[in-house]
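Reviewing the structure listed below.
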There are 2 protein chains.
Amino acid sequence: MTTLKELAALLNISVSTVSKALNDSHEISENTRTRVKELATKLNYKPNRIAQQLKTNKSKTIGVILPTVTNPFFAEVLHGIEKTATNNDYDIIVCLSNETFLKEKRSLELLSNGSVDGFIMAVARESQVKNETEHILDVIKSRLPVLMFDRVVNEIECNKVIVDDFQSVLEATEYLIEKENRKHILLVSNIEELSVGKLRIEGYSKALENHNLKPHILKLDHAVDVDVEKKIYDYLKANTTIDAILSIDHVTGIVAINMAKKLGLKIPEEMSVMGFGFDHTPLLSSPKISIIHQKAHEIGEISTKLLIDSLKDDSLQLQTIVVPSDLKLNESTD
Amino acid sequence: MTTLKELAALLNISVSTVSKALNDSHEISENTRTRVKELATKLNYKPNRIAQQLKTNKSKTIGVILPTVTNPFFAEVLHGIEKTATNNDYDIIVCLSNETFLKEKRSLELLSNGSVDGFIMAVARESQVKNETEHILDVIKSRLPVLMFDRVVNEIECNKVIVDDFQSVLEATEYLIEKENRKHILLVSNIEELSVGKLRIEGYSKALENHNLKPHILKLDHAVDVDVEKKIYDYLKANTTIDAILSIDHVTGIVAINMAKKLGLKIPEEMSVMGFGFDHTPLLSSPKISIIHQKAHEIGEISTKLLIDSLKDDSLQLQTIVVPSDLKLNESTD
DNA sequence: TTGTATGCGTTATCAC
DNA sequence: GTGATAACGCATACAA
């Protein structure tokens with residue numbers, strides 16, 4: 001890699017002159033400035049990022065700690081983060097906690113040594129279940145800003161970007177009740193131990209309560225296993241009054257449609273099915289599933305913007321931004 | 001952040017003594033070593049990574065350039081990369097090309113300034129279609145090793161990790177012909193302009209040729225649009241001899257199953273459906289789709305291992321590793 | 001066993 | 001308009 005020193009030697013001028021010339025300092029003459037720049041381009045000179053970082057004590061890098069990236073929600077958030085970071089001249093270092101507390105803790109610690117200027121994270125399932133928060137507080141204490149999205153620790157004061165889990169499920173449920181005239185709505189859940197899962201179930205319960213309806217909840221193992229099909233099938237077979245299914249994740253809704261069809265139920269006439277999902281989710285079922293569409297990409301963008309703003313000016317007030325979801329209704333019939 | 005200098009000042013010893021003590025140098029007395037270490041833990045000292053990088057001229061960071069991360073294949077590869085990198089004390093900086101040449105080029109350039117010790121990449125669709133390779137060659141010329149996986153540029157000499165696209169589709173097709181006695185196999189493709197897509201189609205064609213069968217190919221827009229359903233439906237309706245569908249991506253196979261069912265075809269009796277997929281893909285259809293299962297996680301692991309090995313010893317021979325796929329057959333019947 | 005000096009590549013301050 | 005020098009935090013060759 002070409003360095004300032006090499007350029008200086010080749011041009012028989014000092015390193016500082018070269019540096020100033022490249023940074024368009026007004027102190028430098030037109031002549032030398034162009035000479036320097038020409039040689040720099042010729043030798044493909046690029047300022048060493050590491051040296052700049054050491055000098056300025058800024059890494060211009062954001063640490064991104066995700067529970068997983070095979071979950072399409074987090075994948076899409078990552079997409080939004082990467083785009084916004086790049087547009088603002090930041091790199092991202094990505095660590096995956098694999099939903100474990102230990103890996104999350106290790107990742108935070110390892111990057112808290114100057115590698116990053118701040119963190120964007122969604123808390124690991126295990127940390128959330130065991131209510132582990134010390135490791136995150138340690139980071140904040142060391143004056144590295146942390147932004148949490150989606151899965152959030154209420155007790156920790158920091159910038160947050162969350163989904164309107166309660167409200168969106170409340171509205172979706174009320175839609176099923178009021179517009180589609182459903183009375184026995186089955187909620188299918190495999191994430192009830194997560195903060196977001198709890199909120200979604202609360203939204204569902206609240207809507208039923210508002211209409212004096214009885215809840216039906218089918219809890220599944222969170223490790224999406226082969227039994228999912230059977231459990232849903234058996235439940236529907238044994239409970240024939242069910243006239244709507246509301247899945248609070250992005251997979252079991254699809255399974256539910258398939259099982260309802262297998263039981264000979266007409267969709268959407270006899271059974272409404274709604275789930276969480278992304279742009280291409282409805283394509284995976286026929287008839288297309290109705291989805292609560294979380295603006296995952298936007299969540300990533302907003303989170304990154306907010307963190308970068310707080311990096312630039314650390315006197316900014318902490319805030320919690322709620323990103324509303326879209327209800328995308330089934331358009332097709334079978 | 002605590003620095004060596006601060007520790008030294010507090011202990012009234014020199015910086016180098018502190019440094020050596022922390023690095024367990026045998027030159028340092030037991031006594032001072034423990035004193036230093038105690039204070040270090042107490043003040044939560046962590047060596048500044050940036051400074052270490054500048055000193056050693058190694059970033060211990062890998063640049064990962066992916067076309068997208070919302071495609072589950074790349075998401076799972078990323079998972080494998082992250083895991084292996086972490087296990088070997090490497091960080092990863094992730095950039096997404098969004099399938100565009102320009103972003104890919106920019107990302108490579110931006111990180112080729114000391115930020116990373118090497119790259120793992122899958123070539124962007126646009127770069128592949130337009131046969132753009134200069135930007136990658138530039139990186140290699142600047143002595144930064146590049147490892148390509150999945151989407152590969154044949155003309156570039158570097159380490160490569162690829163899937164057995166040709167062979168796996170050949171075998172899958174022959175399975176349909178020989179074991180399931182199919183004679184009119186429809187190939188559904190939305191990636192025929194990618195190197196991997198071409199290879200898969202070749203595998204299919206070769207198998208048909210071996211058995212003197214006629215190919216049926218349905219090409220779809222690569223932007224998975226709403227028309228996918230209609231196009232497949234219409235094709236199946238108009239071509240009633242089709243008795244098997246082979247999708248070479250991870251979405252259209254699911255759609256194909258749904259459309260076949262919609263047409264009243266019994267699966268798998270009257271119609272076999274096979275696609276590419278991942279562990280949870282079969283769950284998305286009923287009956288479960290048969291899949292060619294690419295070991296994406298393994299591809300990530302192997303790629304990372306290979307790159308890190310070449311980082312440690314740059315005299316190693318370049319190699320191309322082929323990761324075989326698994327054929328996972330439909331187990332259920334409807 | 002400990003300390004001093006040097007340099008990684010850059011930028012900034014100051015002197016010429 | 002240009003250049004010498006110091007500093008960021010760390011590691012190491014060398015001196016004491």
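Per chain, numbering begins at 1; letters A, B, ... match sequence-line order. Bear in mind that the values here come from a model prediction, so they are computed numbers and not experimental data.
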Q) Does the side chain of A:Met148 reach to within under 4.5 Å of the side chain of A:Ile120, using non-hydrogen atoms? A) no
Q) Salt-bridged, B:Glu109 to B:Lys105, with N to O below 4.0 Å? A) yes
Q: Quick one: label A:Glu27 by what it contacts on the DNA or RNA (base, sugar-phosphate, nothing), any heavy atom closer than 4.0 Å.
A: base
Q. Which whole-number value in Å describes the distance from A:Ile28 CD1 to C:dT11 C1'?
A. 13 Å
**Q.** Span of DNA chain D in contact with chain A (heavy atoms, under 4.0 Å)
**A.** D:dG1 to D:dG9
Side-chain polar contacts of residues 130-147 of chain B - donor-acceptor pairs under 3.5 angstrom, sequence neighbours left out - could you list them?
unit_1	atom_1	unit_2	atom_2	d
B:Lys130	NZ	B:Glu126	OE2	2.7
B:His135	NE2	B:Glu104	OE2	2.7
B:Ser142	OG	B:Val139	O	2.7

Q) Hey, does A:Ile13 reach any base, or is it just sugar-phosphate, or nothing, if we go heavy atoms under 4.0 Å? A) sugar-phosphate
Q. Are the charged groups of B:Arg33 and B:Glu30 less than 4.0 angstrom apart, N to O?
A. yes
Q. Mapping A:Gln52 and B:Thr32 onto DNA chain C by nearest heavy atom, which one lands closer to the 5' end?
A. B:Thr32
**Q.** Length of the line joining B:Asn113:CG and C:dG9:C1', which is rounded to integer Å
**A.** 12 Å
What are the atom names and distances for every N/O pair under 3.5 Å that joins the protein to nucleotides 4-8 of chain C?
unit_1	atom_1	unit_2	atom_2	d
C:dT4	O4	B:Ser16	OG	2.8
C:dG7	N2	B:Lys55	NZ	2.6
C:dG7	N3	B:Lys55	NZ	3.3
C:dC8	OP1	A:Lys5	NZ	3.4
C:dC8	OP2	A:Lys5	NZ	3.2

Q: Give the rounded distance in Å between these two atoms: CG of A:Leu4 and C1' of C:dT10.
A: 6 Å
Q: Check whether any side-chain heavy atom of A:Lys312 lies under 4.5 Å from a side-chain heavy atom of A:Ile308, and answer yes or no.
A: yes
Q. To the nearest Å, how far apart are A:Leu22 CG and C:dA12 P?
A. 13 Å
Q. Which whole-number value in Å describes the distance from B:Leu11 CG to C:dT1 P?
A. 18 Å
Q: For residues B:Ile92 and A:Ile93, determine if any side-chain heavy atom of one lies less than 4.5 Å from a side-chain heavy atom of the other.
A: no
Q. Would you say the side chain of A:Thr61 lies within less than 4.5 Å of the side chain of A:Asp117, judging by non-hydrogen atoms?
A. no
Q.
Side chains of A:Lys60 and A:Arg49, heavy atoms from C-beta outward: is any pair under 4.5 Å?
A. yes
Q) Has the side chain of B:Lys103 got a donor or acceptor atom that lies under 3.5 Å from a matching backbone atom of B:Leu96? A) yes
